[in-house]
Every structure is written in structure tokens, then in C-alpha cells.
2 protein chains.
Amino acid sequence: MNRQIILAKRPAGVVDDTTTTLVEAPRPTCGPGQALIKVAMLSIDPTIRTWMNDAPGYLPPIGIGDVIRSSGAGVVVESNSARYNVGDIVYGMTNWQEWVCADDQNKFTVLPIGLGLDLATVMNVLGVTGITAYFGLIDVGKFHEGDVVVVSGAAGATGSVVGQIAKVRGARRVVGIAGGPEKCAEVIEKYGFDECLDYRTPHLARRLHEACPEGIDVYFDNVGGEILDAALSNIAMRGRIVLCGAISQYNEMDTARGVSNTSMLIMRRASMEGFIVLDFAARFAEAQMELARMVHAGSLVHREHLVVGLENAPDALNLLFTGGNHGKTLVVVDEDVQLG
Amino acid sequence: MNRQIILAKRPAGVVDDTTTTLVEAPRPTCGPGQALIKVAMLSIDPTIRTWMNDAPGYLPPIGIGDVIRSSGAGVVVESNSARYNVGDIVYGMTNWQEWVCADDQNKFTVLPIGLGLDLATVMNVLGVTGITAYFGLIDVGKFHEGDVVVVSGAAGATGSVVGQIAKVRGARRVVGIAGGPEKCAEVIEKYGFDECLDYRTPHLARRLHEACPEGIDVYFDNVGGEILDAALSNIAMRGRIVLCGAISQYNEMDTARGVSNTSMLIMRRASMEGFIVLDFAARFAEAQMELARMVHAGSLVHREHLVVGLENAPDALNLLFTGGNHGKTLVVVDEDVQLG
């Protein structure tokens, strides 16, 4: 059988018991050109929550009754395709289920073995999370040596990597924004940021000004809303704001407060640009090489938050919004699958 | 004597009788390296209102008791500087007064004569207004032939020029946004836009979608707020939003509603960038050549709204916010000065 988690009802705010249902479907059989994949691990990303809304997005909404869309990794157990060999560890859109077929419509990437990295590390640092940090900072943010960089969600999977890449590449100053003193301590001590501001205490805009008196050259935004506004009011002349996500807004699409300080973009001749990491698909290897090198050099500290059991995937998703996760959140569906 | 309008009190909303005072000061005498200019015409721009606030900006606020800062044109009547000859018609920061000294701190540009254009036309089309339209569309907006262009404040001095440049350069479709049926008719009939939407009637976002079903490639924003939000929700993949001004927000700095749809920048991989035309000072001649050529070719229709009398400058400024002006607003201080 194939256990699957399907969308039962569109959530109004956070995902709850009525949002998804665990069902059993027959294990898929693979036709010509297809390969059967046993799912090992799911990547839990904030964007999954946006796909549950009936709203325009960069991909269509998940249909009611459809398996929750998600990237993940697994092992090829049967192959009728020259692309995949039995035993390959592959990465792609597994969705929230135990078995999936790869074919020309749903292509998977064979994960690199022999790098000395385990599956969770690869799914974090060499997966969408790390690659997003890399292209967001370097390409969209046009980072240059000597820049002052501010990152929100700095204790998070993407944010922590952004700050570390900026340090390695010679940022003048890297300041994180995170929720609570524990996360802020982690951002400085574990991830090596120069400073971290707790957004839960008042006067963030003023504290950002004190932390970056000459302004922010690159602001990497993972959260939107009030924190984005505080960064806008401190943007440097010709500063760049990278919009990676707006996690503060995803659960409250109708009441999202938006931002008030866009006129600072005029005053400071600054720009704000959004991106989706899939746009860089042709260049993923470039980022992965750089990130793998940093891990081996010890200049990229990473942390994974493993949740065991497919049935716990909805709770794992909610962790991203409550801040209850520590590092990249992954759901272990099959513990036996490991990278060679 | 030198009649001057000074800032008496910072305005809370619109400029009223208590905001400015008309005073008489002695006519300035010009020392070595200076030239005395008799002011002929003032350029009335929305940015003047922002300088009256005690808020950070691209220039410091106007001080209480200082003459209102403004660009304008005049004639050189005395010169102790090799830069200026008596009789030159010059353009620069005249401020709201009858006489001003040019020197190394306050430099003026000698206006081109012999182009067959009168002073009001030059101050509109070849002045900050037209130049802003040109660099905003071409450089900041990265306009390409075939783009769908939307312009707010389309009946205004800058907006009307933006649309006409876009048409001449081969836009697929140029849609204006303006206030009321009369202005909308003018935008289509006089300035040659393909369509114009009245923002005072409901459902602007939906009507923008109907007008631009494939999305907006370049949105030139003169107003901010709700109209910017409607454009954000219709931005095309890799669309560019040019922030030129936020006139809807200038009189209500504290209550400005800002924008809610910034997450569309992520969904559509779009960008939003602000600029100040002074950044392009080194390239003004490029824009002026192109704009003068368009005027002579009959492909740039322009309109000036002349208000006679220095004492009426505050009322002229308010016209920009009530929409009572038709075309570029200029205050005539001395009717006798004309371009040769």
C-alpha cells in the first residue's frame, strides 16, 4: 500500500486536524519510461503552506483530495527508464506519500554520492534551502565584498546559510534577525553572525539603525511584514532587498499588513526583487559545489530538525510558523535509506 | 526688494495659509564668482511637499524660516562668474523668490536656445519632469519594444510623457490610470494612450487585469498606495515597477496605508526600484535631445498649467494633490523673460 496525506480542506489560518487526511492508496505500478521510488525523506518548506491556498502563485494551488505537494528524496527500486538505475538516491517532487513514480513529467535528480555527506545534510545544504540562500544573496542581492548584510529568519535553514556565505565572501558586517534570545544566541555563536536582533522586543527599526549606522546594503527577507518595514527604513543608498519569502504573511493572507515604507526605495534609490529558486535550476550545480566545499572546509555550520513518520508531516509544517523548529525541518519517511 | 515665500510652520496635511508666509528681504548683492538671477518661472513639483516634512529624505527638510526650495528658471542680470553671461536663461534651484545668486554651491544650467521651444515647454519637457519620465521608463524600467506599460498619474506632467515615449518606442500596449472621466479622456485622446482607467471607480485591480490580461511588464508609479497594490497584483513575470513618486502618501505620512501585495514580487520574480532623477544628471542632455526631437516631430504632446504670481505658488502646489492642475504646473514670476 501507499500511505498518502491529502488536502481535505483549505486552511483558514494554521494547518489543523481538518486540513489534511492520511489515506491508503494502492502502491503505484510503473509503466514504460517510469521508475518507482520509495520515499525516504520530505523537505518541509514554508512554500507548501502557500500552495494550500486557493490563490494565484508560481504553481497552481494543491487540489482538494490531492496529495500534498512537496519535494523530497527517495531510492529507486524499479526502473523502466534509462535516466534512473535501481539503487539511485534521487531528489524531486515526491509529495507527502511513501511511493511515487518518476517519469518525463515528474523528473528527479540523482543525488551526488561520495561527497561524504549524509542524506539530511544534502537535503538541507545542497537542496532547495541552501541553493536558495546562495542565488538569493549572490545573484538577486548582487552581494559584493564589503557589503553590510541583514538577514531575517536568521536561525532558519535558509537564513543561517545566507549569513555564512556572506561572511565567507567578505561582508563588512552580517546582522541576523530572529525570534527570541535562544535563537539569537545560536545565530551568533553557532552561525557566526556579527550580531543578532530579537524581533520580539520593541523598536526593531531603531536597533537596526544602531547595528547598521551606515545602512543595509543587502537585506535578505524571509518574513515580510513589519520586519521588512524596519529594514526598508534602514536601507542604504542603492541597497538591494531580496524577497525570498513572507512567512509572517502566509497564514493570514487576508489580514496581512504589508509594508508602509516603500517610499524609502525612492529616497535611497533602492530595489526590492522577488525570486523563486526554480528559476536557477540550470545553475544548481554551481551552488552545490560551492556549498559542499564550504561544509568540508568547516565554514558552513548547518542543523537539521528531523521529524520521524509521514503522519507527522502536517505538524512539522506548523513548526515553521511557530518557530518551534531548529534548523532545516525534514520528515523521515524511511530511516533505512542513506546516501552511500 | 526680493519677495520670498518662507516656511512658517510644517504642514500636518495639505499646505494652508499658516504653512507659508510672504516676506520681503533686500535684493541680494553678488560677490566674486557669483551671478545675480532674476527669477522668471518656478517648477511646481510634488517633491516640494515632502521637503516640508521633518522626515529623512534625499535632501534635508526645508528649515523653518527658510525660503521654500524649488527649481525654476530666470535670467542672468549681473555676473561676476565666467560660467554665466548677462542675458543667459538659466535653470536651477531658484527657490520661491524673485531674486537668487548663482555660485559654486548653487549652480545653474544655461538653457538651450534656438530649439524653437518656449520657456514653459522647456521647463516641462526638457526639465525635470520630462527627464524623469525618460530615465524612469528606459533605464530604471528597462523598457523593451513589445512591453505592456501601465502609468499612474497618466494625465500628469511626468505620466503623460512616459506613455508617449513608450508608444514611440514600440510598446505593445500603454494603459494609463487617472482620476475621473475628463482626465481619462485626455489621456487617450490627447496623449494617445491605448486605454485609461479611472481609479475613482471600484475594482481597479480587476479592470487592470482586463486591460492587461497577460500582465504588466513595466508599471511606472507616480502615486503609491492602493493603486500600486492593484498594479502589483497584475505584474507580469519578471515585470519591473518604477517608483517615481507616491503623491497619494505625501500629505498623510503617518497614516499612509502602504502596500499589501509585495509577495507578488516573489510569485512573479518581479522587481520594484526607486530613483531620483538627479542621479542621472550626467546624462540629462541625452534625454533632452530625444525629448526635443519628439516635440518637433509632433510625437510628444505636452500641456502646461500656468499660475501667474509668486504669491500663488502655495496654491499651485496644492493643485498637484487635488488633481486640479492640467499638465505641468508652473508659476510665472516674471512674464517678460522668454527664451530667444
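Numbered from 1 within each chain, the chains take letters A, B, ... in sequence-line order.
Across all their heavy atoms, Ile266(B) and Ile276(A) have their closest contact at O-CG1, 3.5 Å.
Ranking Arg238(A), Arg240(A), Met237(A) against chain B, the residue ahead of the rest is Arg238(A), based on heavy-atom pairs under 4.5 Å.
Taking OG of Ser271(B) as the start and CG of Leu243(A) as the end, the distance is 10.5 Å to the nearest 0.5 Å. To the nearest 0.5 Å, atoms OG1 (Thr262(A)) and CD1 (Ile241(B)) are separated by 10.0 Å.
For the pair Glu273(B) and Leu265(A), the minimum side-chain heavy-atom distance is 4.5 Å or more.
When the shell of 6.0 Å around CD of Glu286(B) is examined, it contains more than 12 heavy atoms from other residues, nucleotides or ligands. At most 12 non-hydrogen atoms from other residues, nucleotides or ligands lie less than 6.0 angstrom from CZ of Arg206(A).
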